[in-house]
Every structure is written in structure tokens, then in C-alpha cells.
Number of protein chains: 2
Amino acid sequence: MLLQTPTQEVSQLEANLCYAFVDSTRILILYALNEHPHNVTELTLQLGAPQSKISRHLKVLRDLGLVRTTRRGVTITYELADLRLIEALDILRGILRDGINLKANLIAEL
Amino acid sequence: MLLQTPTQEVSQLEANLCYAFVDSTRILILYALNEHPHNVTELTLQLGAPQSKISRHLKVLRDLGLVRTTRRGVTITYELADLRLIEALDILRGILRDGINLKANLIAEL
DNA sequence: CTCGTATATGCGCTTATTTGAATAATAAAG
DNA sequence: CTTTATTATTCAAATAAGCGCATATACGAG
């Protein structure tokens, strides 16, 4: 699958999409949803983060169309809207694993 | 290639890597370098952006280890360090093409 | 209608990011 | 050493992101 160089507009859309991935909490949410759908409370417990934080990150993912919601009574279940997300993220992890691709400010943390 | 759910630390590294992609100029640079290596001046002309802007974005990509440089005299040629980058970006473009994955504030621009 | 659970949002604050313009650093040539 | 071409960096200002805390909304039970 060889795609052309994107136009200015497409690159902007792509950048906006990638905004989903620049936050570690959102990445953890996406991987959690990749295992199976979760509701907000479950994600809150699993990630050990305040509920408001989880909700707001879920809103980001929802606005980008990366997750879908189903309501059952008062609980809302989130699931991935497109499994290729994980495919792309896994490629990036492969790059990370092989490469020296560490931000300068992170080298200390290893 | 099925990867495990990342740890907190790995997800942070992944988020830092994805920081490369949240700027349309950096995406355009990466795709330009995917065609063939370029020096700074060439990128400046091709993207029609101020040189300082290009240089600073190149520094971001360099610090992340996503591009490599070769010096020939006074000109510095940049090339992709890992072709899988484009692979991942193309997947995301596929998601964009198929999906309704548009940020609310972007729908107007179409 | 009221209460309790589940989820979303508003506010204020702090910290990051992006940018143009100007300036510095680097290297080859004369 | 001075000049010129190329690339990198500093600066200040504007914009955007993320957070905790508190509060609001939505739904169902009783």
C-alpha cells in the first residue's frame, strides 16, 4: 500500500488524528479497549486515574471517531472504532523497540 | 504481530514518539523524505515555509531518531531513519479515508 | 419526585508548543 | 581572515493542552 505524498490539508487531518496518540493515558485506553470493550469505571480502575481525567480523554478519542459508545442503562461501554489503530501503534512500538528513538529528556528515565 | 498492552513507561515513550506526527509540517517533511533525501533548502522551497521553521521541525525529528543526516560541505541532507514510519502513517491515512474521523472543528473545512 | 450510580463538563491554573524575526554557528572558497 | 551559502538557535508572544477539583447531567430504582 503505497500512498502519495499528502496535500497540506490531508497532512493537517493526519496531524489532528495523531493528536490522539501524544498522551500516554490515551494510548493505554486504546490498548485496553483493544483487549475488550470497557466502561468508564473499569478504565478508571484499570488505569488508576481520576474519573474526570478518563472521561475527558475518552471524549478526545470519541470526537476523533476512534472509539464508539454503547449505552446500557447508566453505564457507557467504549470500544475501538477501527482495529487498524492498534496496527499502527504496534508498528510504532516496533520502531521504538529497535531504535534509539528516545527523546533526550527521556534517556534518564531508563 | 500482536503486541501486549504496554506498560505505563512504554506508553509514555510511544506518546513521545507520536509527538512527531501532530504537526502537519512534520508530516509533510516525512513524506517528502520518503520520496528521496532532501537538504534543508530543498525542503524549505518544497514546503514554502520559512527556513527557521523547517530547521526546527527537523530538529524535532532528529532528536526522536526518525531522520538521519549526512553532511556534504555546507549542506546537510536528511533522510528517513526507518521506513516503517511511512507504513504507520499510511495506515492512519487509510483510517482517515474510510472513517468519519474528523474533529468537529474540521468538518467545516471540507 | 428523590436518591444513588455512572459519566461528562466548567473553571482556574500551570506547563508545553508553535511561530516569525533576528541572530548565531558552520564550512568552503577566495 | 573575510565573505558567502547553508543550517541552527534564541527570543518573546500567542495559542493550546493537561490537570484536579468541584459540579452538572443522565439514567434507573424505589
Between atom [atom1] in [X] and atom [atom2] in [N], what is the gap in whole Å?
X     : N      : atom1 : atom2 : value
B/F21 : C/dT18 : CZ    : P     : 14 Å
B/N16 : D/dG18 : CG    : P     : 13 Å
A/L58 : D/dC19 : CG    : C1'   : 16 Å
A/I54 : C/dT9  : CD1   : P     : 15 Å
A/I27 : D/dG18 : CD1   : P     : 12 Å
A/Q12 : D/dA16 : CD    : P     : 12 Å
B/D23 : D/dA17 : CG    : P     : 12 Å
B/K53 : D/dA13 : NZ    : P     : 21 Å

TODO: Please name the pair of heavy atoms, one in B/A20 and one in B/L61, separated by the smallest distance, quoted to 0.1 Å.
DONE: CB-CD2, 3.8 Å

Taking only N and O in the side chain of [X], is any of them less than 4.0 Å away from OP1 or OP2 of [N]?
X     : N      : result
B/Y78 : D/dA8  : yes
B/T41 : D/dT7  : yes
A/H57 : D/dA17 : no
A/K59 : C/dA8  : no
B/Y19 : D/dA17 : no

Task: Test item: B/L66 and B/R26 side chains (from C-beta on) under 4.5 Å apart, heavy atoms - done: no

Task: Nucleotide-resolved protein contact map, nucleotides 25-30 of chain D, B/S/- at heavy-atom distance under 4.0 Å - done: -BBS--

Taking the side chain of [X] as its heavy atoms from C-beta onward, which of [options] lies nearest to it?
X     : options              : result
A/R26 : C/dA8, D/dA8, D/dG18 : D/dG18
B/V40 : D/dG20, C/dA8, D/dT7 : D/dT7
A/R56 : C/dT9, C/dA6, D/dT9  : C/dT9

- [ ] Sequence neighbours left out, what passes side-chain hydrogen bond (donor to acceptor under 3.5 Å, both in side chains) with B/E35? Give chain and number order.
- [x]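 side-chain hydrogen bond (donor to acceptor under 3.5 Å, both in side chains) check on B/E35 returns A/T5.
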
Task: Residues forming a side-chain hydrogen bond (donor to acceptor under 3.5 Å, both in side chains) with B/S55, sequence neighbours excluded - done: B/Q51

TODO: Please work out if B/S55 contacts a base, only the sugar-phosphate, or nothing of the nucleic acid, heavy-atom cut-off 4.0 Å.
DONE: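 Base contact - B/S55 has a heavy atom under 4.0 Å of at least one base atom.
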
TODO: Check salt bridge (Lys or Arg N to Asp or Glu O under 4.0 Å) between A/R71 and all other residues, then give those that pass, not counting sequence neighbours.
DONE: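 Salt bridge (Lys or Arg N to Asp or Glu O under 4.0 Å) list for A/R71, sorted by chain: empty.
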
Side chain to side chain contact (heavy atoms under 4.5 Å, CB included) partners for [X], two or more places apart:
X     : result
A/K53 : A/T25, A/A49, A/P50, A/H57
A/Q46 : A/A32, A/H38
A/V10 : A/P6, A/T7, A/E14, B/R93
A/R62 : A/K59, A/V67, A/T69, A/Y78

Task: Those residues of residues 42-52 of chain A lying under 4.0 Å from DNA chain C by at least one heavy atom - done: A/Q51, A/S52

Task: Stepwise side-chain contact (heavy atoms from CB on, under 4.5 Å) test for B/L85 and A/I91 - done: CA-CA 8 Å; B/L85 279 179; A/I91 290 176; over 6 Å; no

